[in-house]
Asks: 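Below is one structure. I have some questions about it.
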Amino acid sequence: MVRVLYYTDWGSAGHVGRVSLDGSNRIVLATAERPNDLVIHGNKLLVINNKEPTAELLELDLTTSKRTNQRPLSDTVSSLYGIQNNFYY
């Protein structure tokens with residue numbers, strides 16, 4: 001079993017990434033201006049991107065490491081959580 005960490009980085013090249021727990025195999029899954037929070041649900045990784053002027057919700061498929069959906073949010077969001085199949089921000 002491979003153990004990994006998913007993370008967000010606000011650096012000069014903001015992104016959502018994955019890295020093995022030993023620090024190897026670092027992969028950028030998606031670029032994002034200001035990725036803020038993430039939730040893993042099943043085979044999906046949901047990420048809040050607090051870009052200007054409108055925040056958005058990014059959805060990535062963890063089986064393919066591809067972005068599957070991107071939708072605008074009405075406001076800047078600082079937190080995301082999921083209960084069963086519902087997500088709240």
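Everything numeric in this text was worked out from a predicted model, so none of it was measured.
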Asks: Nearest 0.5 Å, what's the CD-CD distance between Glu33 and Glu56?
Replies: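 The CD atom of Glu33 sits 8.0 Å away from the CD atom of Glu56.
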Asks: Once salt bridge (charged side-chain N to carboxylate O under 4.0 Å, His left out) is applied, what residue pairs with a partner in residues 38-50 remain, sequence neighbours excluded?
Replies: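 Sorted pair list: Lys44-Glu59.
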Asks: How close do Leu60 and Leu29 get, heavy atom to heavy atom, and via which atoms?
Replies: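 Scanning both residues completely, I find the closest heavy atoms to be CD2-O, 3.8 Å.
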Asks: At what distance, to the nearest 0.5 angstrom, does OG1 of Thr8 lie from CG of Leu58?
Replies: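 So the gap between those two atoms works out to 11.0 Å.
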Asks: Can you list the residues that meet the side-chain hydrogen bond (donor to acceptor under 3.5 Å, both in side chains) rule with Asp61, with sequence neighbours excluded?
Replies: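 With neighbours one apart ignored, the set is Thr63.
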Asks: Of all heavy-atom pairs between Pro35 and Asn49, which one has the smallest distance, and what is that distance?
Replies: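 Minimum heavy-atom separation between Pro35 and Asn49: N-OD1, 3.6 Å.
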Asks: Any ring-ring contact (aromatic ring centres under 6.0 Å, His included) involving residues 42-72? Give me the pairs, sequence neighbours left out, ordered by first then second residue.
Replies: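 Qualifying pairs, neighbours excluded: none.
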Asks: Hydrophobic clusters here meaning ILVMFWY residues chained together by side-chain heavy-atom distances under 4.5 Å, can you tell me if Leu38 and Val4 are in one?
Replies: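 In one cluster with Leu38: Val4, yes.
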Asks: Using a 4.5 Å cut-off between side-chain heavy atoms of Ile, Leu, Val, Met, Phe, Trp and Tyr, which other residues end up in the same hydrophobic cluster as Val19?
Replies: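 When side chains under 4.5 Å apart are linked, the cluster holding Val19 also contains Leu5, Tyr7, Leu21.
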Asks: Nearest 0.5 Å, what's the CZ-CG distance between Arg3 and Asp22?
Replies: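 Result: 11.0 Å between the selected atoms.
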Asks: Show the nearest heavy-atom pair for residues Tyr6 and Ile40, with the distance to one decimal.
Replies: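 Result for this residue pair: CD1-CD1, 3.4 Å.
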Asks: Using side-chain hydrogen bond (donor to acceptor under 3.5 Å, both in side chains) as the criterion, list what pairs up with Ser20, not counting sequence neighbours.
Replies: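 So Ser20 forms a side-chain hydrogen bond (donor to acceptor under 3.5 Å, both in side chains) with Asn25.
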Asks: Scan residues 49-71 for pairs that pass ring-ring contact (aromatic ring centres under 6.0 Å, His included), counting only residues two or more places apart or in two chains.
Replies: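 Counting only pairs at least two positions apart or across chains, no ring-ring contact (aromatic ring centres under 6.0 Å, His included) contact touches residues 49-71.
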Asks: Cluster question for you: counting only ILVMFWY and a side-chain heavy-atom cut-off of under 4.5 Å, with indirect links fine, are Trp10 and Val47 together?
Replies: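 No; tracing contacts between hydrophobic side chains, which count when under 4.5 Å, never links both residues.
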